[in-house]
Amino acid sequence: MPKFIFVTGGVVSSVGKGITTASLGRILKSRGISVSIQKLDPYLNVDPGTMSPYQHGEVFVTVDGAETDLDLGHYERFIDQDLTAASSVTSGQVYLSVLDRERKGDYLGGTIQQVPHLTNEIKARIYSVAEQTGCEVLICEVGGTVGDIEGETFIEAIRQIRHEQPRDNCLSVHVCFLPWVGATGELKTKPTQHSVRELRSKGIQPDAILLRSDHPVPRDISEKVALFCDVEPRAVIPMETVQTIYEVPLLLEERGLGDFVIDRLGLHGGRDLEEWREMVQRLKHPAGAIEIAVVGKYVALHDAYMSVKESLAHAGIASEVEVDIRWIHAEDMESRPAEALLSGVQGIVVPGGFGERGWEGKIAAARWARENKVPYLGLCLGMQVMVTELARNACGLKGANSTEFDPESPHPVISLLEEQQGITNKGGTMRLGAYPCRLTPGSLAAAAYRTDLVSERHRHRWEFNNAYREVLEGCGLRVSGASPDGSLVEISEVAGHPFMLGTQFHPELQSRPNRPHPLFREFVAAAKALQLVRSGEAVATA
Ligand code: GLN
């Protein structure tokens, strides 16, 4: 059995509990300890797949096709390890499996209760991921804040695991926020004290408290928290806001979290964050900056494009440039000239999306990129945009469209696979998770990946329509990646353009800060090259 670290949150949510959990994973992994991470989400949705990105941010897809909370993306990026469906547990899933069993009569007429039936189901899921992964330490993050009604069953399950396990097998880490009172110019610990009291009333005494703050935390504040919350002073660790999220493991390690954890859990392994530190240094001290437009539907909420944003940053590290993102509402592209919104950027990303709103605006962005030879990266819907634009404006296929937006289109260049026709249920009909893709030798994609077979993660219903393959190839489209049997177009490129490439999958889900995704890396390199050419031209004309 591995050791367990339970991460809970206090005071308010959205203060970076997910990043903290991910950072703890990185700290332990860097010390040579094998880890896995699991998220316990108290909401009743079975998964976030059908939740609005406005409410929930990005849906992160695992290799095995689970639609999960965006925190799993942070976990994967920090520990540089693929996670699976088992790492994402919601109350909805827990209720569903208990109620399914009840309907089947598995409980033989017994009374079904939150405790023990739901708590047992939660414990089984925690123990099973621990066993499946064979990790030395399983870190479990509980979503929300201690005191939330929905989270109670999870907290009780954790309390029971702490009870069942030997004393030195479990550690509880509580992440709290210290509010700043402007009038007196001080940080307040009272909400933290109340939150710890709440946690204790559920039977859990925290072993460590991390104090999130936007201001420097004076020593007497940490000492006060240690005293009143009955936690060792070395385990009360201030966590001030830092320049980049990737700095958090460095901060926590420096402040002794790693030493404390391995000491208390009886583990061994010295600090080794040197490579990580170098990566953070490169990220913080770029040699230049480029600007990339992200044209999407949910740009008001950057969380909806979390992995895209991070992947661009990772690629920036490789090219030694800071990647500034110009967020553009796709709908604005429909009412204003492309030039007005896009001029000055060195690259354009059209990310994934569902629904018609902004579709024509995205097409306009792709057209501008193609005609002005500005690097373009289309992700899932972004490839469908690229193909449709080319069909309409380079191949003269008037009215070309995706049947998602025009079922009557005379040229449905993007359509559903036949076997998917007629299925209208939302959820469950998508191509989800990792699929193999064979690259075409000599293509941009093959050059970027430097291999011939890759595996990438999908989340979509519509596909490139093979009936148009030849016509489109005749006017500049290159199929640069397809399913091994050749039937599904997975990557396409526009010939004669420095970098115009779209993927039917989501490469952003597999980029890591220390291993940028090859397609993002080459896209950002192309954007940087464009900047060099343009500045050369400017000098020449001056
Ligand atoms: N709506 C498109 C489809 O279902 C694209 C989905 C996406 O971008 N993830 O095929």
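Note that ligands are numbered from 1 as they come in the structure, with each ligand's atoms numbered from 1 the same way. Here the structure is a predicted model, which means the values were calculated and not measured. Both backbone and side-chain heavy atoms feed into the values below; hydrogens, waters and symmetry mates do not. We're numbering straight along the sequence, starting at 1.
Here the two rings, on Phe78 and Trp276, have centers that are under 6.0 Å apart.
The one candidate from Glu67, Glu490, Glu76 that meets the salt bridge (charged side-chain N to carboxylate O under 4.0 Å, His left out) condition with Arg457 is Glu76. Between Gln38 and the options Ile139, Leu83, Leu138, a side-chain contact (heavy atoms from CB on, under 4.5 Å) holds for only Leu138.
Atom numbering of ligand 1 starts at 1 in the shown order; those under 4.0 Å from a heavy atom of Gly352 are 8 (O). Residue Trp462 approaches ligand 1 through these ligand atoms, each under 4.0 Å from one of its heavy atoms: 3 (C), 4 (O), 10 (O). Those atoms of ligand 1 with a heavy atom of Arg461 less than 4.0 angstrom away are 3 (C), 4 (O), 10 (O). Distances below 4.0 Å separate heavy atoms of Glu404 from the following atoms of ligand 1: 1 (N), 2 (C), 3 (C).
Taking any N or O of Cys380, backbone or side chain, none lies under 3.5 Å from an N or O belonging to ligand 1. Close N/O approach between Phe354 and ligand 1 is not found [any backbone or side-chain N/O within under 3.5 Å].
Contact annotation for His506 and ligand 1: only side-chain heavy atoms (C-beta onward) come within less than 4.0 Å of the ligand.
Contact between His458 and ligand 1 is absent, with no heavy atom of the residue lying under 4.0 Å from the ligand. Met430 does not count as a contact of ligand 1, since none of its heavy atoms falls under 4.0 Å from the ligand.
What sits closest to atom 8 (O) of ligand 1 on the protein, heavy atoms only, is Gly353 N, 2.9 Å. The protein atom (non-hydrogen) at minimum distance from atom 9 (N) of ligand 1 is Arg459 O, 2.8 Å.
For the side-chain hydrogen bond (donor to acceptor under 3.5 Å, both in side chains) condition, the pairs that include at least one residue of residues 336-346, sequence neighbours left out, are Glu339-Trp368.
When only modelled atom types and interatomic distance are considered, His517 and Glu456 share a side-chain donor-acceptor pair under 3.5 Å.
The nearest pair of heavy atoms linking Phe60 to Asp69 is CB-O, 3.7 Å.
Surrounding CD of Glu150 are more than 12 heavy atoms belonging to other residues, nucleotides or ligands, all under 6.0 Å away.
Legend: residues meeting side-chain contact (heavy atoms from CB on, under 4.5 Å) with Glu131, ordered by chain and number and at least two apart, are Met1.
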